[in-house]
Amino acid sequence: MNKSKDFLRRIVEEDLKTGKYQEIVTRFPPEPNGFPHIGHAKSISINFGIAQDYNGHCNLRMDDTNPTTEDTQYVEALKDAVEWLGFKWEGDVRYTSDYFDRLYSYAITLIKMGKAYVDSLSEEEIREYRGTVTQAGKRSSYANRSVEENLDLLERMKNGEFKEGEHILRAKIDMSSPNMKMRDPLLYRIRHAQHFRTGDKWAIYPMYDFAHCLSDYIEGVTHSICTLEFENNREIYDWVLDTLGLEPPRPYQHEFARLGINYTVMSKRKLLELVEKKVVTGWDDPRMPTIAGLRRRGYTPESILNFCESIGIAKANSMVDVAQLEFAIRDDLNTKVPRVMCVMHPLKVTIENYEGTEEIEASYYPHDVPKEGSRKLPFSKEIYIDRADFSEHPAKGYFRLTPDQSVRLKYAYIITCKEIIKDSEGNILEIKATYHPDSKSGEDSSGIKVKSAIQWVEASSAKKVEIRLYDRLFKNEAPEGIDDINPDSLSVITNALIEPAVITNKPDERFQFEREGYFYADPELYTDDTPVFNKIVALKDSWGKKKKAPNKAPEAKKVQIDGEVVPMTAEEQVLFDTYTKAYKLNSEVANTLARDAKLSSFYTEALAAYHSPVSIANIVANEVARELKTQEIDALKFSPAQIATLMRLVDEETISNKIAKGVFEQMLKSGDDPSKIVESQGLIQISDPAEILPIIDEVVANNPDNLAKFKAGNTKLLGFFVGQVLKATGGKANPKVVNTLVAEKLG
Ligand code: ATP
Ligand code: MG
């Protein structure tokens, strides 16, 4: 295998070379609290893939430390997903709960070393004592408890003598550490809940930061690969393992960027809500970004692995266009699956000059696919074509059957329309046509020119099938969850007709329905009586897309400029329409961009680097446009790609919009990369409520008058409090998070 090495594989190679480890051991450590999604597929492909590439092994470990949300059905789904993707875990499935006894004894060791203590502050106090990013915390006075008292309390916590929240076990590290996570992190909490494996044996459960590193160690994991949000937890990971002085070798944590895909949510919690509220039919609804959903939709394991590989492994979070996932399945199926004919919206055609029947040999694979295979298509005087393939009053550029234009029936003959039969309301019921006997595909001597070939089925042998067409589950590019659901994500066609060869095929087969897309027999719904096919993905450049574009040229939009209306050129108009319709820009921004060739090309280039149409449009139409008034585009110190990076940082909430403006000013002058500016100046946005809440408390405490006014009904003061909090963090706090937290705090 000769793929270019990602940074994780480079680390692994180095560790093997230096003899740090003899064998590579990784693990995939999901919490069994939901079905795995495409983001997990990425983690699976990294962990199992690396183990495979370096002849090591990978464990599957259920991180089951939160009894209230976990369940065996999720364990099964996780096992299924890993197996379906083609991987094998080492030995049995492992569970963090298998290590509860050992973890507990490690906790006792820490207590005996004076490195852990039972704290009895309330949750509120713990937060308060933790301090802020700018202020050291202070240690709880309970930290002075003797070793004996701590041991006694922990045991009684374990035995269920206390209420939840009454006590908590904490590591004794550093209450003034610049890394807030290191300010005496929590190790164990009390939970009176039934655990799906250990029942009610335990009334305490280890926290992630304690359980994860030790479970890795217990399993002999060498490379503990996780997503970026755990970067600050790495210090605890190391502290626990080092403080306990465990026998080497020990694992080390390495972080990579989690996968985000536009038009998708990727959080089990949010996906669970869709399931529970029955917005979808279940975790395996073909619209879900779960592995079970993609599988039922018809995605192949290869396509998902190829997708994961194609997006690479990065150290900075980014948003991947869902089109890339769609590309991966198309690319996989293109040469693999047979091409057959299905008529979605049947329109009867009677070929008046045809008598009898025949069978026409038709290849399952087009000429450029090096695969053999064909079937016999029945043919007779009664056939069905798609309603969309006939037009009585065709628009310009319509190449299919019309009263004046013949068309080829794919693999068969050319037909010509003779008569249109309509009902009393003018709906077309049937077409009477004639065929040209000497026009048969492959032996055509008719000399008739046609502009296209359409799919068809023979009436008496065709089978009725149900087709399920899927659109994106979410209507906007960066959905938050259930409120952004696309109400039209599923449409069902109940009376499509398919050629007979398809329904006699084995299950788990995929097809290309010519000119329609790729389809998969739904494994749950398909029966012999009602065959149900899921549309996996459309064909590239399908007619469907073009059809959606307006047939007639849109009316030119008039825009007011300096008191007079200057009409757009045709090209500008096309841009304007794309911007407003496809990209959903407001007309003012779209107008600015469309009318300026320099801006629009800058915009296009930036979008190619990162497809976030709205946010990039705003900065290009405002800040970039402002610069271009005084200098030439070549003289700009920043590139479209850098603007894309800047907006990506905003979209991912790494920095706020406000900070982005400041970064932009610096890019203007220095031409430095935005990521570099953000990193070197520590501008990363603060989104962790644990860091923000104490600041809110401070601001509220310092403004008793305004608080009183707010409570008395002056709700406008909410903005005041939010502003103060943002100011106190030097603009670094995430405004959205601050808003929510302040609103919650002030109730
Ligand atoms: P979610 O937020 O969806 O519940 P999670 O991170 O809590 O996900 P876990 O079950 O704890 O889910 O994750 C198991 C492993 O999968 C972890 O190592 C985690 O880092 C990884 N993972 C989860 N989501 C993604 C993602 N979007 N991209 C890459 N890896 C992911
Ligand atoms: Mg989680």
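These values consider heavy atoms only, across backbone and side chains, with no hydrogens, waters or symmetry-generated copies. Both counts, for ligands and for their atoms, begin at 1 and track the order of listing.
No N or O atom of Lys42 sits closer than 3.5 Å to an N or O atom of ligand 1. When only interatomic distances are considered, the shortest N/O to N/O separation between Arg258 and ligand 1 falls below 3.5 Å. For ligand 1, one of its N or O atoms has an N or O atom of Lys268 under 3.5 Å away.
In this pair, Tyr21 and His223 present their aromatic rings perpendicular. The plane angle is above 60°, beyond the 30 to 60° band. Ring geometry for Tyr208 versus His212: interplanar angle under 30°, hence parallel rather than tilted (30 to 60°). A perpendicular orientation is assigned to the rings of His611 and Tyr583, their planes being inclined by more than 60° (bins at 30° and 60°).
Residue His37 places a heavy atom under 4.0 Å from ligand 1. Look at Phe256 and you'll find a heavy atom under 4.0 Å from some atom of ligand 1.
Within ligand 1, counting atoms from 1 as listed, the ones closer than 4.0 Å to a heavy atom of Ser43 are 15 (C), 16 (O), 18 (O), 21 (C), 30 (N). Residue contact check: Phe28 has heavy atoms under 4.0 Å from atoms 14 (C), 15 (C), 16 (O) of ligand 1. Residue Thr227 approaches ligand 1 through these ligand atoms, each under 4.0 Å from one of its heavy atoms: 19 (C), 20 (O), 29 (C), 30 (N), 31 (C). In summary, the atoms of ligand 1 found under 4.0 Å from a heavy atom of Glu31, numbered by their order in the structure, are 9 (P), 10 (O), 11 (O).
Within the cation-pi definition used here (under 6.0 Å to the ring centroid, within 45° of the axis), Arg102 does not qualify as a partner of Tyr106.
Using a cutoff of 4.0 Å between basic side-chain nitrogens and carboxylate oxygens, Arg61 and Glu219 are scored as salt-bridged.
Of all the heavy atoms in Val650 and Ser656, the pair that sits closest is CG2-O, 4.2 Å.
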Subject >> From CA spacing to verdict: side chain to side chain contact (heavy atoms under 4.5 Å, CB included), Leu187, Asp209 >> reply: CA-CA 7 Å; Leu187 304 182; Asp209 283 319; 5.7 Å; no
